[in-house]
Amino acid sequence: MSDKQGISPTDATTANFLFSQPVRVGVLGFGGLGQAAARVLAPKREMLWVAAADQKGYAYDSAGLNPDTCIAAYQAQGSVGYVEPIGTLSNHSILELIEKAPVDGYFLALPNLPNTFMASVIQQFIQAGWQGVLVDALKRTSAVEQLLALQNELQAAGITYMTGCGATPGLLTAAATLAAQSYAEIHQVKITFGVGIANWEAYRATIREDIAHLPGYDVDRARSMSDAEVEALLDRTDGILHLENMEHADDVMLELAGICPRERVTVGGVVDTRNPKKPLSTNVQVTGRTFEGKISTHTFTLGDETSMAANVCGPAFGYLKAGVSLHQRGMYGLFTAAEVMPKFVK
Ligand code: NAD
């Protein structure tokens, strides 16, 4: 049983506090990010983690799921569906969960492999008649563009969909939007990320999707690589992936937000798959011209101690909270991390 209580009006220190009960949250995908999301949610009073799904099953408990039990079952047996008595094994875990579980908002911590997978999951939500808030940490421009095409359907379905709400796109895209305000014209947005993880198996989809950006690779090739082939590639590079000029949705998001044309946005970085220490400090540099004609650069740098998981899951739930307040005001459809401010989840 969870000891989380509904939040009384006296806890609402700001007028924009809209929830009388904790927001019931589900996490789809229970790999590296999904498990981190469970840990991030555990101490929160405003959100209650009630549902999780992976490829082989799902778990639901209206009183709140236990992260330790779910992570232990997933790591030992490969699915949260094995958690007794609240787990169910299923090859259609997402659809069954959508249909059975009362959930206010989902974080989609799913691989986008193939590149159309997330859009197909969203179609399942629409077709099931589900209403609520969805948040993703999608990365590719072409993946976010597929969601743009669903804008009207999402709106008609009563779904508030927050896309590109991880770290990059996400936190850094939002920071670029803020930094841009000092300028009359934006010349360049340059995002450089450093990621350090102890072993690639903890984030298989993230690493496969990064490999897809290497010269000579694409999403389909990276998706079809066996684990042994990924390991052989990482052996050749000493566990390091150097990524340049990536197809990252920060560009379309900043263009849609009216900051600058997408050609002025670049994303690259270094991923070390054998060391949790970041190989470089993640930062976004925003260069522009002020109204006085001065050219300058704002730089926003993330603390080196913050992990990829912290910088993805924190913003994802901040945007989920923002999405819930939009949804309560009847604002449905697609929003990006560059368009809406995340709220802070207590
Ligand atoms: P992972 O490989 O560790 O885990 C994926 C999970 O999804 C697994 O639990 C798997 O069982 C589940 N899954 C796969 N197919 C499924 C299906 N059909 N139904 C239900 N569950 C299914 O993944 P990860 O490394 O945590 O990455 C998740 C996503 O987050 C990736 O797409 C990655 O690119 C993205 N990501 C975004 C950012 C960002 O800053 N925007 C950063 C890191 C990762």
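Whatever order the structure lists ligands and atoms in, that order sets their numbers, starting from 1. Treat the numbers as computed from the prediction; the structure is a model and nothing was measured.
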Original post:
At under 4.0 Å between heavy atoms, which part of Gln55 makes contact with ligand 1: side chain, backbone, both or neither?
Top reply: both
Original post:
Centroid-to-centroid, Trp49 to Phe107, below 6.0 Å?
Top reply: no
Subject >> Side chain, backbone, both or neither: the part of Ile94 lying under 4.0 Å from ligand 1 by heavy atom >> reply: side chain
**OP:** Return yes or no for this condition: an N or O of Ala205 is under 3.5 Å from an N or O of ligand 1.
**Re:** yes
Original post:
In terms of side-chain geometry, is the basic nitrogen of Arg140 or Asp251 positioned less than 4.0 Å from the acidic oxygen of its partner?
Top reply: no
**OP:** Could you tell me which atoms of ligand 1, counted from 1 in the order shown, lie closer than 4.0 angstrom to a heavy atom of Phe117?
**Re:** 17 (C), 18 (N)
Original post:
Quick one: does NZ or CZ of Lys44 land under 6.0 Å from the six-membered ring centre of Phe344, within 45 degrees of the ring axis?
Top reply: yes
Original post:
Looking only at N/O atoms, are Pro111 and ligand 1 under 3.5 Å apart anywhere?
Top reply: no
Original post:
Of the backbone atoms (N, CA, C, O) and the side-chain heavy atoms from C-beta on, which set of Ala167 has a member under 4.0 Å from an atom of ligand 1: side chain, backbone, both, or neither?
Top reply: both
Original post:
With a 4.0 Å heavy-atom cut-off (strictly under), which part of Arg204 contacts ligand 1: side chain, backbone, both or neither?
Top reply: both
**OP:** Could you tell me the residue and atom name of the protein heavy atom closest to atom 27 (O) of ligand 1, and the distance to it rounded to 0.1 Å?
**Re:** Thr206 OG1, 3.2 Å
Original post:
Which is it for Lys56 and ligand 1 at heavy atoms under 4.0 Å: side chain, backbone, both or neither?
Top reply: neither
**OP:** Would you check whether Ala202 reaches within less than 4.0 Å of ligand 1, judged by its heavy atoms?
**Re:** yes
**OP:** With sequence neighbours excluded, give me every side chain to side chain donor-acceptor pair (under 3.5 Å) pair touching residues 73-90.
**Re:** Gln35-Gln75, Asp54-Ser79, Ser90-Glu96
**OP:** Under 4.0 Å from a heavy atom of Ala109: give me the atoms of ligand 1 that qualify, with their elements.
**Re:** 28 (C)
Original post:
Does the N or O separation between Leu110 and ligand 1 drop below 3.5 Å for any pair?
Top reply: yes
Subject >> ligand 1 contact by Ser93, heavy-atom criterion under 4.0 angstrom >> reply: yes
**OP:** Run the numbers for me: atoms of ligand 1, each under 4.0 Å from some heavy atom of Phe30, listed by number.
**Re:** 6 (C), 8 (C), 9 (O)
Original post:
Crowded around His92 NE2? As in, over 12 foreign heavy atoms under 6.0 Å?
Top reply: no
**OP:** List every atom of ligand 1 that sits less than 4.0 Å from any heavy atom of Ala137, numbering the atoms from 1 in the order shown and giving each element.
**Re:** 35 (C), 36 (N), 37 (C), 38 (C), 39 (C), 41 (N)
Original post:
Atom CD in Glu229, atom CD1 in Ile211: separation rounded to 0.5 Å?
Top reply: 10.0 Å
Original post:
Would you call the rings of Tyr332 and His327 parallel, tilted or perpendicular if under 30° counts as parallel and over 60° as perpendicular?
Top reply: tilted
Original post:
Below 4.0 angstrom, N of the basic side chain to O of the carboxylate: do Asp304 and Lys277 qualify?
Top reply: no
**OP:** May I ask you to check whether Met308 has an N/O atom sitting below 3.5 Å from an N/O atom of ligand 1?
**Re:** no
**OP:** Compute the shortest N/O to N/O distance between Gly29 and ligand 1 and return yes if it is under 3.5 Å, no if not.
**Re:** no
**OP:** Could you check Thr266, Thr168, Thr336 and say which one makes a side-chain hydrogen bond (donor to acceptor under 3.5 Å, both in side chains) with Asp250?
**Re:** Thr168
**OP:** Look only at interatomic distance and state if Gly32 has a nitrogen or oxygen under 3.5 Å from any nitrogen or oxygen of ligand 1.
**Re:** yes
Acceptor/donor pairs from residues 119-127 side chains to any protein atom, 3.5 angstrom cut, sequence neighbours excluded:
unit_1: Ser120; atom_1: OG; unit_2: Phe117; atom_2: O; d: 2.6

Original post:
To which protein heavy atom is atom 4 (O) of ligand 1 closest, and what is the distance rounded to 0.1 Å?
Top reply: Gly31 CA, 3.2 Å
**OP:** Could you tell me whether Leu33 and ligand 1 have an N or O pair separated by under 3.5 Å?
**Re:** yes
Original post:
Would you call Lys139 and Glu209 a salt bridge, taking side-chain N to carboxylate O under 4.0 Å as the test?
Top reply: no
**OP:** Can you sort out which atoms of ligand 1 are near Asn112, meaning under 4.0 Å from one of its heavy atoms?
**Re:** 32 (O)
**OP:** Answer with yes or no whether the side chains of His242 and Glu244 bring together a donor and an acceptor at under 3.5 Å.
**Re:** no
